[in-house]
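Keep in mind that this is a model prediction, so the values were computed, not measured.
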Amino acid sequence: MNRKTHKPIILIICDYYLPGYESGGSMRTIVNMVERFGDKFDFRIITRDHDGKLNRTPYTSVKIDNWNQIGESEVFYLSKNNIRPRVLSGIIKDVKPDAVYLNSFFSPLTIFTLLLRKFRRIPEIPIILAPEGEFSVGSLGLKPLKKRHYLKTAKLMRLQHNIIWKVASESERREVEMLTGVRKDIFLAPNMPPKMILDDFDLAVKSEKAAGAARFVFLSRYMRTKNFNWLLGHLGSLNGDIEIDIYGPLEDADYWEEGRKIIASLPKNIKISAFGPVPNHEAAKTMAKYHFFVLPTLGENFGHVFIEALAAGCPLIISNRTPWLDLRKKGIGWDLPLESPQAWLEILEKCIKMPQSEYDEISMRARRFAVGWLRDSSLDESNIRVFKHALGKSTFL
């Protein structure tokens with residue numbers, strides 16, 4: 001793989017990519033970025049040969065340890081035995097990219113890439129790094145000692161020297177500054193959504209919304225940072241016919257077992273069901289069947305699922321620890337403090353009691369907001385600015 005094109009070559013190194021779909025929003029950012037910018041940049045991708053942390057079975061639909069044409073990009077799927085610095089170095093030298101894009105700080109693939117650059121085993125290629133929410137309090141709370149140790153080591157070794165940081169929110173910018181000491185080359189650019197979501201959306205596909213009943217959907221990885229068991233523990237006092245369906249990989253078995261015990265203790269008017277993961281292209285269509293989207297997350301740097309839910313006509317009921325704020329003022333949902341369970345119960349009660357006419361209005365506002373947001377040209381412009389800054393430093397141009 002040494003073919004050069006008329007377009008700048010961006011080499012993306014990430015843990016997971018298509019045909020996978022269980023690894024969450026960071027992978028979707030890459031998929032959407034390739035879709036949106038494939039006419040401007042020649043994307044090559046190095047990734048693992050399986051889908052997510054739970055499913056380690058290698059793909060059978062692609063060639064492993066070789067290049068594959070996947071949509072608009074060429075993808076190299078690394079087998080477990082080839083996730084090594086020497087192999088990574090050889091591929092990078094062969095591709096001769098104009099810039100490298102990393103979508104994790106703690107991934108071994110990122111660590112290997114930064115070490116290879118540090119010890120000059122690869123050319124001095126501009127590197128863009130998007131931490132994808134890994135510096136949030138909730139994320140750092142998982143395996144905290146290991147992560148804090150690496151942060152300290154990376155700073156001492158100056159592994160983040162001359163890195164271009166792409167953050168999805170002002171809060172993530174502050175996290176990067178605090179944890180790395182970096183103050184320059186930090187670009188704010190929202191994670192990339194698809195060009196359109198559910199272009200054939202029809203309010204008629206939704207369930208009837210009777211006053212005194214509501215269908216809620218949770219679509220995300222089931223893990224502690226998503227904090228769903230916290231919500232389950234406060235539902236018992238609610239009245240009405242309540243249905244909450246869970247979609248997503250049960251990534252933390254212990255956390256799911258805790259949730260199952262809470263579910264078993266809930267009154268009969270509250271029905272909770274789990275259906276496992278859904279492919280990315282089915283997420284919005286799945287949510288369109290429900291009335292409201294709910295996620296009491298401990299923190300998100302972006303949250304693709306939020307714009308998907310809005311595009312599906314599902315107003316949001318989420319924590320105020322995401323970039324999606326002032327939802328009540330916009331008339332498309334509620335961002336609520338986790339410190340006030342009573343506030344959550346009041347909004348849930350309001351949603352349950354909401355009649356069809358009022359629901360139709362808020363559902364269509366959510367849909368219109370999503371369509372307008374997806375068409376905002378500044379989304380593309382802010383992301384392209386990051387790539388142009390990196391390419392301006394490239395020694396290959």
Side-chain angles (χ1 to χ4, degrees), residues 24-33 36 103-105 128-141 165-180 182 186-194 197 218-221 223 225-228 283-284 287 292-312 314-340 343-344 347 365-386:
S26 61
M27 190 203 84
R28 277 187 272 177
T29 294
I30 301 300
V31 173
N32 296 335
M33 194 163 64
R36 280 181 174 258
N103 77 332
S104 168
F105 184 77
I128 302 166
L129 198 156
E132 295 292 349
E134 291 179 328
F135 290 169
S136 70
V137 173
S139 182
L140 289 175
W165 295 85
K166 189 193 89 68
V167 298
S169 64
E170 284 294 347
S171 60
E172 190 169 46
R173 178 199 294 273
R174 293 191 293 271
E175 290 162 357
V176 168
E177 291 175 344
M178 180 179 68
L179 292 168
T180 68
V182 172
I186 304 177
F187 289 79
L188 176 59
N191 287 356
M192 294 309 301
I197 301 171
F218 167 98
L219 195 153
S220 193
R221 295 147 71 195
M223 55 195 297
T225 55
K226 305 305 179 182
N227 200 37
F228 195 66
M287 290 188 284
F292 301 95
F293 174 87
V294 61
L295 181 62
T297 178
L298 294 177
E300 304 288 333
N301 74 310
F302 178 69
H304 284 276
V305 71
F306 300 140
I307 192 65
E308 289 172 331
L310 292 169
C314 284
L316 307 178
I317 308 170
I318 62 176
S319 76
N320 60 0
R321 302 184 185 185
T322 86
W324 300 86
L325 301 172
D326 298 323
L327 301 178
R328 188 195 299 261
K329 185 184 297 183
K330 295 167 184 168
I332 58 174
W334 301 267
D335 46 283
L336 305 169
L338 296 174
E339 295 79 13
S340 177
W344 284 77
I347 292 303
R365 275 200 303 271
R367 170 66 184 176
R368 287 193 295 269
F369 176 90
V371 171
W373 191 88
L374 289 167
R375 290 174 175 168
D376 185 351
S377 62
S378 67
L379 292 175
D380 285 1
E381 293 165 2
S382 59
N383 279 273
I384 289 173
R385 192 179 305 123
V386 182

A.B. asks: Is there side-chain contact between Leu140 and Leu179, with at least one heavy-atom pair below 4.5 Å?
C.D. replies: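 A side-chain contact exists here, since the closest heavy-atom pair is under 4.5 Å.
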A.B. asks: Using a strict cut-off of less than 4.0 Å between a Lys/Arg side-chain nitrogen and an Asp/Glu carboxylate oxygen, indicate whether Glu177 and Arg174 qualify as a salt bridge.
C.D. replies: no
A.B. asks: I need the minimum non-hydrogen distance between Ala189 and Val386, along with the two atoms involved.
C.D. replies: CB-CG2, 4.2 Å
A.B. asks: Is it the case that the side chain of Ser136 and the backbone of Gly133 share a donor-acceptor pair, with hydrogens and angles ignored and the cut-off at 3.5 Å?
C.D. replies: yes
A.B. asks: Which heavy-atom pair separates Pro193 from Leu379 by the least distance, and what is that distance?
C.D. replies: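 So the minimum-distance heavy-atom pair works out to CG-CD1, 4.1 Å.
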A.B. asks: Just so I know, are the side chains of Val176 and Pro131 near enough to count as touching, which here means a heavy-atom distance under 4.5 Å?
C.D. replies: yes
A.B. asks: Can you see whether Lys166 engages Asn191 through a side-chain donor-acceptor pair at a distance of less than 3.5 angstrom?
C.D. replies: yes
A.B. asks: Say whether, by atom type as modelled, one donor and one acceptor occur between the side chain of Ser382 and the main chain of Ser378 under 3.5 angstrom.
C.D. replies: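 Yes, the answer is positive, given that a donor and an acceptor are paired below the 3.5 Å cut-off.
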A.B. asks: Do Ile317 and Trp344 have side-chain heavy atoms sitting under 4.5 Å apart?
C.D. replies: yes
A.B. asks: Just wondering, do Pro194 and Asn32 contact through their side chains at under 4.5 Å, heavy atoms?
C.D. replies: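 They are in contact (side-chain heavy atoms under 4.5 Å apart), so the answer is yes.
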A.B. asks: Between atom CE of Met223 and atom OG of Ser139, what is the distance when rounded to the nearest 0.5 Å?
C.D. replies: 7.0 Å
A.B. asks: How long is the span from the CZ atom in Arg385 to the CG atom in Asp380, to the nearest 0.5 Å?
C.D. replies: 11.5 Å
A.B. asks: With side chain to side chain donor-acceptor pair (under 3.5 Å) as the test, would you mind laying out the steps for Glu134 and Ser104 before giving the verdict?
C.D. replies: CA-CA 7 Å; Glu134 291 179 328; Ser104 168; 2.7 Å; yes
A.B. asks: How close do Asn383 and Pro190 get, counting heavy atoms only, and between which atoms?
C.D. replies: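 Closest heavy-atom pair between Asn383 and Pro190: ND2-O, 2.9 Å.
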A.B. asks: Of all residues at least two apart in sequence or in a different chain, which pass the salt bridge (Lys or Arg N to Asp or Glu O under 4.0 Å) check with Glu308?
C.D. replies: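 Listed in chain order: Arg28.
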A.B. asks: Between Leu336 and Ser319, is any pair of side-chain heavy atoms under 4.5 Å apart?
C.D. replies: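 The answer is no, as the side chains (C-beta and beyond) never meet within the 4.5 Å cut-off.
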A.B. asks: Determine whether Ile128 and Phe187 satisfy the following criterion, side chain to side chain contact (heavy atoms under 4.5 Å, CB included), listing intermediate values before the conclusion.
C.D. replies: CA-CA 10 Å; Ile128 302 166; Phe187 289 79; over 6 Å; no
A.B. asks: Relative to each other, are the rings of Phe293 and Phe306 parallel, tilted or perpendicular (30° and 60° limits)?
C.D. replies: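 Ring orientation of Phe293 relative to Phe306: perpendicular.
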A.B. asks: Taking C-beta and beyond as the side chain, do Val294 and Phe228 meet within less than 4.5 Å on heavy atoms?
C.D. replies: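 In short, these two side chains touch, coming nearer than 4.5 Å.
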A.B. asks: Taking all non-hydrogen atoms of both residues, which atom of Ala312 and which atom of Ala284 are closest, and how far apart?
C.D. replies: CB-O, 3.4 Å
A.B. asks: Show the atom names and distances, to 0.1 Å, of all donor-acceptor pairs under 3.5 Å that link a side chain in residues 322-331 to residues at least two apart or in another chain.
C.D. replies:
{"unit_1": "Thr322", "atom_1": "OG1", "unit_2": "Trp324", "atom_2": "N", "d": "2.9"}
{"unit_1": "Trp324", "atom_1": "NE1", "unit_2": "Phe302", "atom_2": "O", "d": "2.8"}
{"unit_1": "Lys330", "atom_1": "NZ", "unit_2": "Leu325", "atom_2": "O", "d": "3.2"}

A.B. asks: Out of Lys226, Arg221, Arg321, which one pairs with Glu300 under the salt bridge (charged side-chain N to carboxylate O under 4.0 Å, His left out) rule?
C.D. replies: Lys226
A.B. asks: I'd like to check Thr297 versus Thr225 (side-chain heavy atoms, cut-off strictly below 4.5 Å). Are they in contact?
C.D. replies: no
A.B. asks: State, to 0.1 Å, how close Val167 and Glu172 come at their nearest heavy-atom pair, and which atoms those are.
C.D. replies: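 So the two residues come closest at CA-OE1, 3.4 Å.
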A.B. asks: If you compare all heavy atoms of Ser26 against all heavy atoms of Asn103, which two are closest, and at what distance to 0.1 Å?
C.D. replies: O-ND2, 3.4 Å
A.B. asks: Partners of Trp334 by ring pair (Phe, Tyr, Trp, His ring centres under 6.0 Å), sequence neighbours excluded?
C.D. replies: none
A.B. asks: Walk me through whether Val137 and Leu298 qualify under side chain to side chain contact (heavy atoms under 4.5 Å, CB included).
C.D. replies: CA-CA 8 Å; Val137 173; Leu298 294 177; over 6 Å; no
A.B. asks: Answer whether the closest heavy-atom distance between the side chains of Leu310 and Leu316 falls below 4.5 Å.
C.D. replies: yes
